[in-house]
Amino acid sequence: RSAVERTSATAKRTTKEAVGQARAQGRRTGVAAEQAATALLDDATRAIDPDDDVRPASYDNWTKAELYERAQELDIDGRSSMSKPELVRALRST
């Protein structure tokens, strides 16, 4: 192969890796932003009604096993293959 072909192949491979890394970082950033927003909303809710002890703890504070158990109770499809953030999103959407 010529130097141009090798350089082109390397550039394609590098670009593909960079795009994959950027997508992964975007997903991580989205999850972190969602968790931060939820924490802020929880804080705001507690500030408005600090004596309301009936409110359940934020799903962000639950273990993955606890989240999975709750997902089982609610019969959420696909729960066995979900990550902790995915379980939290699924539980919040029910």
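One-based numbering along the sequence shown. Quick caveat: nothing in here was measured; it's all calculated off a predicted structure.
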Starting at CH2 of Trp62, measure out to NZ of Lys84 and round the result to the nearest 0.5 Å.
->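 Reported value, rounded in 0.5 Å steps: 11.0 Å.
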Going from CD on Glu69 to CD on Glu73, what distance comes out if it is rounded to the nearest 0.5 angstrom?
->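 The CD atom of Glu69 sits 5.5 Å away from the CD atom of Glu73.
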Go through Gln72 and Ser80 one step at a time and tell me if the side-chain contact (heavy atoms from CB on, under 4.5 Å) criterion holds.
-> CA-CA 9 Å; Gln72 265 185 316; Ser80 63; over 6 Å; no
Step-by-step side-chain contact (heavy atoms from CB on, under 4.5 Å) determination, Tyr59 to Glu66 | CA-CA 9 Å; Tyr59 285 134; Glu66 291 168 329; over 6 Å; no
Minimum heavy-atom separation for [X] and [Y], please, with both atom names.
X	Y	answer
Ala90	Ser93	O-OG, 2.9 Å
Arg28	Gln25	NH2-OE1, 2.8 Å
Ser58	Arg92	OG-NH2, 3.6 Å
Tyr68	Leu87	N-CD1, 4.1 Å

So do Ile76 and Met82 actually touch side chain to side chain, heavy atoms under 4.5 Å?
-> yes
Would you say Val31 and Val88 are hydrophobically clustered, going by side-chain heavy atoms of ILVMFWY under 4.5 Å?
->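 Each belongs to a different hydrophobic cluster.
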Please check if the side chain of Thr15 supplies one atom and the backbone of Ala11 the other of a donor-acceptor pair under 3.5 Å.
->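 Checked: pair present.
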CA sep, side-chain torsions, deciding dist, call: Ser8, Glu5, side-chain hydrogen bond (donor to acceptor under 3.5 Å, both in side chains) | CA-CA 5 Å; Ser8 177; Glu5 291 173 328; over 6 Å; no
Any donor-acceptor N or O pair under 3.5 Å, side chains Glu17, Thr14 | no
